[in-house]
Amino acid sequence: MRYEIKGSTMPALEITLDRGESVFTEVAGMSWMTDGINMATGTRGGLGKIIGRAISGESMFLTTFKSTEDGARVVFTPDVPGQIIPVELKEGQDIIAQRDAFMCAEDGVDVKVHFRKKLGVGFFGGEGFVMQRLTGPGMMFAEIGGEVVEYELQRGEVLKVNPGYVAMHEHTVDYDMGMVGGVRNMIFGGEGVFVATLKGPGRVWLQTMPLQHLATSIFRYLPEPTIVAPTNEQKADDE
């Protein structure tokens with residue numbers, strides 16, 4: 001398998017497959033492809049995985065693209081402006097990613113729902129509670145909103161983050177969530193009530209444009225719905 005990421009703010013991921021090689025993605029995740037690729041849609045797992053994907057907000061079905069000849073190509077594109085991040089996972093290596101981050105992966109990668117187990121995260125829920133766990137071996141690709149800033153946390157090193165900006169992290173990173181200190185910070189700070197604490201060792205990928213923040217910004221500019229009172233003729237027709 002070979003790949004090339006083309007473009008900048010709305011990039012395209014072009015994957016070249018030789019005979020017998022395959023990648024999989026969510027239903028309707030493919031943008032275009034050449035001849036020589038067969039599509040097969042299925043659950044890729046039992047009932048537990050289907051329910052888990054539904055809970056995490058993902059499609060219950062996945063589509064596999066398998067090449068029947070050398071040099072066949074399939075292309076995937078992100079849903080929002082951002083970056084495509086390739087990660088090569090070793091046997092048993094895990095990456096924890098936000099919902100909707102998974103783009104596609106080689107056949108050997110396992111995708112399942114991941115719940116934060118710490119008490120604080122469970123109480124606060126919301127952003128960062130239901131995630132995705134991707135397990136190797138194989139190459140996986142994630143789509144992340146905006147630009148991406150990557151940190152390599154050393155053992156014991158701590159990073160405090162607005163929860164919506166945590167895109168992915170290695171499973172070795174300890175993730176917890178707590179309340180912002182100080183009543184005035186909570187009421188007037190404008191940064192939200194909760195903060196995520198990431199503790200190394202391990203890699204962390206942060207995003208500059210969380211999808212929920214983009215949606216909120218767009219919503220402010222949408223026109224308010226106009227309610228039109230029915231005319232006398234419409235009232236007469238209804239009667």
Pairing residues for Tyr151 by the ring-ring contact (aromatic ring centres under 6.0 Å, His included) criterion, not counting sequence neighbours: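 ring-ring contact (aromatic ring centres under 6.0 Å, His included) check on Tyr151 returns nothing, list empty.
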Residues forming a side chain to side chain contact (heavy atoms under 4.5 Å, CB included) with Pro11, sequence neighbours excluded: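 Listed in chain order: Ile5, Pro78, Ile84.
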Aromatic plane relationship, Phe65 with Phe76 - under 30° parallel, 30 to 60° tilted, over 60° perpendicular: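 Perpendicular: the ring planes of Phe76 and Phe65 meet at over 60°.
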side-chain hydrogen bond (donor to acceptor under 3.5 Å, both in side chains) partners for [X], two or more places apart:
X: Arg73; value: none
X: Asp107; value: Arg44
X: Thr63; value: Thr41

Find out whether [X] and [Y] are in side-chain contact, i.e. whether some heavy atom of one side chain is under 4.5 Å from a heavy atom of the other.
X: Met131; Y: Arg99; result: no
X: Pro137; Y: Lys90; result: no
X: Val166; Y: Gln98; result: no
X: Asn162; Y: Val195; result: no
X: Val74; Y: Val23; result: yes
X: Tyr3; Y: Thr16; result: no
X: Val87; Y: Arg203; result: yes
X: Pro201; Y: Gln154; result: no

Are [Y] and [X] connected in a single hydrophobic cluster, I mean Ile/Leu/Val/Met/Phe/Trp/Tyr linked by side-chain heavy atoms less than 4.5 Å apart?
X: Met139; Y: Leu13; answer: yes
X: Val149; Y: Val204; answer: yes
X: Phe141; Y: Ile144; answer: no
X: Met140; Y: Val111; answer: yes
X: Ile37; Y: Met30; answer: yes

Steps toward side chain to side chain donor-acceptor pair (under 3.5 Å) verdict (Thr197, Asp176): CA-CA 5 Å; Thr197 300; Asp176 199 3; over 6 Å; no
To the nearest 0.5 angstrom, please state how far the [atom1] atom of [X] sits from the [atom2] atom of [Y].
X: Ser22; Y: Met1; atom1: OG; atom2: CE; value: 10.5 Å
X: Gln207; Y: Glu143; atom1: CD; atom2: CD; value: 10.5 Å
X: Gln83; Y: Thr208; atom1: CD; atom2: OG1; value: 8.0 Å
X: Leu159; Y: Leu206; atom1: CG; atom2: CG; value: 6.0 Å
X: Met168; Y: Trp205; atom1: CE; atom2: CH2; value: 4.5 Å
X: Glu150; Y: Glu152; atom1: CD; atom2: CD; value: 7.5 Å

Residues which pass salt bridge (Lys or Arg N to Asp or Glu O under 4.0 Å) with Asp79, listed by chain and number, not counting sequence neighbours: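 Listed in chain order: nothing, the list is empty.
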Closest approach of Gly136 to Leu89 (non-hydrogen atoms, all atoms of both residues):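 Heavy atoms of Gly136 and Leu89 come nearest at CA-CB, 3.6 Å.
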Non-hydrogen atoms of Leu134 and Ala97 that approach each other most closely: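 Closest heavy-atom pair between Leu134 and Ala97: CD1-CB, 4.0 Å.
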Intermediate values then yes/no, side-chain contact (heavy atoms from CB on, under 4.5 Å), Ile96 and Gln132: CA-CA 6 Å; Ile96 310 301; Gln132 293 178 319; over 6 Å; no
Salt-bridge criterion met for Glu157 and Lys199 (N-O under 4.0 Å):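 Salt bridge: no.
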Test: Asp18 and Arg2 ion pair at under 4.0 Å: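 Counted as a salt bridge, because a side-chain N and a carboxylate O are separated by less than 4.0 Å.
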Criterion side chain to side chain donor-acceptor pair (under 3.5 Å) on Thr77 and Ser31, from CA distance to verdict: CA-CA 6 Å; Thr77 55; Ser31 297; 2.6 Å; yes
Step-by-step side-chain contact (heavy atoms from CB on, under 4.5 Å) determination, Leu153 to Leu198: CA-CA 9 Å; Leu153 298 181; Leu198 305 174; 4.2 Å; yes
Looking at [Y], is its backbone amide N or carbonyl O close enough to the side chain of [X] to form a donor-acceptor pair, meaning the two atoms are under 3.5 Å apart?
X: Asn38; Y: Lys66; result: no
X: Gln93; Y: Glu170; result: no
X: Arg155; Y: Gly200; result: no

Criterion side-chain contact (heavy atoms from CB on, under 4.5 Å) on Val148 and Ile85, from CA distance to verdict: CA-CA 9 Å; Val148 177; Ile85 305 299; 3.9 Å; yes
Candidate pair His171 and Arg133, rule side-chain contact (heavy atoms from CB on, under 4.5 Å), full reasoning: CA-CA 9 Å; His171 76 283; Arg133 179 185 290 268; 4.2 Å; yes
Test of ring centre spacing under 6.0 Å for Phe102 and Phe24: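 Yes, close enough.
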